[in-house]
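Chain letters run A, B, ... following the sequence lines, proteins first and then strands; every chain starts at 1. This structure is a prediction, so every number in the text was calculated from the model and none was measured.
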Amino acid sequence: MPELPEVETVRRGLAPLLVGRRVTGIDVRDGRLRRPVTRRGLGPLRGARVLAVRRRSKYLLVDTDAGRTLLLHLGMTGHLRVDDAGRPEAPHTHVVFRLDDGRELRFSDPRRFGMVELIPNDRLEQHPRLAGLGPEPLEASLTGALLHAATRGRRKPVKNLLMDTRTIAGIGNIYACEALYRAGLHPRRRVGRVDAAGWDRLVEALRAVLNEALGAGGTTRRDFLNAEGEPGYFAVSLRVYDRKGKACRRCGTLIRRIVQAGRSTFFCPGCQR
DNA sequence: AAATGAACCTGTTTGC
DNA sequence: TGCAAACAGGTTCATT
């Protein structure tokens, strides 16, 4: 489900509901996630107060005054929702954090690709999931020049590079396709054959599409919902993703679907070279 | 070293 | 209509 704009949308929804709250209890209904979750492992969170909710790549970090940070990942189908205790739960609700205001933070995830982990702060930066992440695309540290320099002589397709979180954080299948379309780059183009101007265009296109998606509250194709249970509205603005066989809005060429590294890629053969 | 493919799961859509 | 195959917003491990 969630790429950077969706995770950031969830973060913005969660922050005002969680910051300042105290965790009064934790229920693990089904701990079989990507890594096993246990009530014991989350135990130190009991009584902790939430200081902040941050995002890094597609991870959410809930800082607490217990010297530990709750690391959350939504995988493909994960949801985080704050709701009044007693309200009906979504199916596949695996972990529930009870709060001191009568509400609950609920993590649900049908496919169980998501992650819930409590990490001591002094080990947070070295954590294997966070160490080695590339720059945030909406921050100034990501530049076309950086990508140009990093890709000389390499042969990886540019679409696959965009989705490699060690190079750029937070880009998934939808926004990789959309950014390449806006930059006029063919998804199979080898990274070593993209020139400096091409990388500049790509970074600019990436920022534009991510910011527009953020403004729309993210993309809901199947089941993305924010912390209040509402969908995002960027799906209507997608120009290539999931538009196989439809006409390109700019040149009329039919959008094609190919498979790269096991993932669908959508592109316009007329606009992308 | 770098790139691809399979695996992890369940639910929904597509195609015969 | 019914069933099976394909596919889904992600990450990680094994294999070329």
Does [X] place a side-chain N or O at less than 4.0 Å from the phosphate oxygens OP1/OP2 of [N]?
X: A:Lys58; N: C:dG10; answer: yes
X: A:Arg129; N: C:dT11; answer: no
X: A:His73; N: C:dG10; answer: no
X: A:Arg155; N: B:dA3; answer: no
X: A:His92; N: B:dC9; answer: no

[X] [atom1] to [N] [atom2], straight-line distance once rounded to whole Å:
X: A:Tyr59; N: C:dG10; atom1: OH; atom2: P; value: 12 Å
X: A:Arg34; N: B:dT10; atom1: CZ; atom2: P; value: 16 Å
X: A:Arg35; N: C:dT12; atom1: CZ; atom2: P; value: 9 Å
X: A:Leu33; N: B:dC8; atom1: CG; atom2: P; value: 16 Å
X: A:Asp109; N: B:dG11; atom1: CG; atom2: P; value: 11 Å
X: A:Met115; N: B:dC9; atom1: CE; atom2: P; value: 17 Å
X: A:His94; N: B:dC9; atom1: NE2; atom2: P; value: 12 Å
X: A:Gln260; N: B:dA6; atom1: CD; atom2: C1'; value: 18 Å

Between the side chains of [Y] and [X], is the shortest nitrogen-to-carboxylate-oxygen separation below 4.0 Å, so that they form an ion pair?
X: A:Arg129; Y: A:Glu117; answer: no
X: A:Arg201; Y: A:Glu204; answer: no
X: A:Glu104; Y: A:Arg81; answer: no

Check nucleotides 6-8 of chain C against the protein and report each pair of N or O atoms closer than 3.5 Å, with its distance, or say if there are none.
from	atom 1	to	atom 2	distance (Å)
C:dA8	OP1	A:Ser264	OG	2.6
C:dA8	OP2	A:Ser264	OG	3.2
C:dA8	N3	A:Arg111	NH1	2.9

Quiz item: When the P atoms of C:dT11 and B:dA1 are considered, how many whole Å apart are they?
Solution: 23 Å
Practice problem: With C1' as the reference atom in both, quote the distance from C:dG2 to B:dC9 in angstrom, rounded to an integer. | Solution: 24 Å
Quiz item: Do you reckon A:Met163 sits in the same ILVMFWY cluster as A:Leu238, going by side-chain contacts under 4.5 Å, direct or chained?
Solution: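 No; tracing contacts between hydrophobic side chains, which count when under 4.5 Å, never links both residues.
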Exercise. Verify the cluster assignment for A:Val53 and A:Phe97: are they in a single hydrophobic cluster under the rule of side-chain heavy atoms below 4.5 Å apart?
Key: yes
Quiz prompt | For B:dG15, the Watson-Crick or wobble counterpart (both distances under 3.5 Å) | solution = C:dC3
Quiz item: How do A:Pro110 and A:Lys244 order along DNA chain B: which one's closest nucleotide is nearer the 5' end?
Solution: A:Pro110
Quiz item: Has A:Phe113 got its ring stacked on C:dT11, by the test of a centre gap below 5.5 Å and a plane angle below 30°?
Solution: no
Exercise. Have a look at A:Asn160 and say if it touches a base, only the backbone sugar-phosphate, or nothing, with a 4.0 Å heavy-atom cut-off.
Key: sugar-phosphate
Self-check item: Atom pair CZ (A:Arg49) and CZ (A:Arg21), whose distance is rounded to the nearest 0.5 Å
Solution: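 Reported to 0.5 Å precision, the distance equals 7.0 Å.
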Exercise. Any chance you could measure A:Leu60, atom CG, to A:Met115, atom CE, to the nearest 0.5 Å?
Key: 11.0 Å
Exercise. Give the nucleotide from the list C:dG10, B:dA3, B:dC9 with an atom nearest to the side chain of A:Arg112.
Key: B:dC9
Self-check item: Residues A:Arg257 and A:Ser264: side-chain donor-acceptor under 3.5 angstrom
Solution: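 Checked: A:Arg257/A:Ser264 side chains pair up, N/O donor to acceptor below 3.5 Å.
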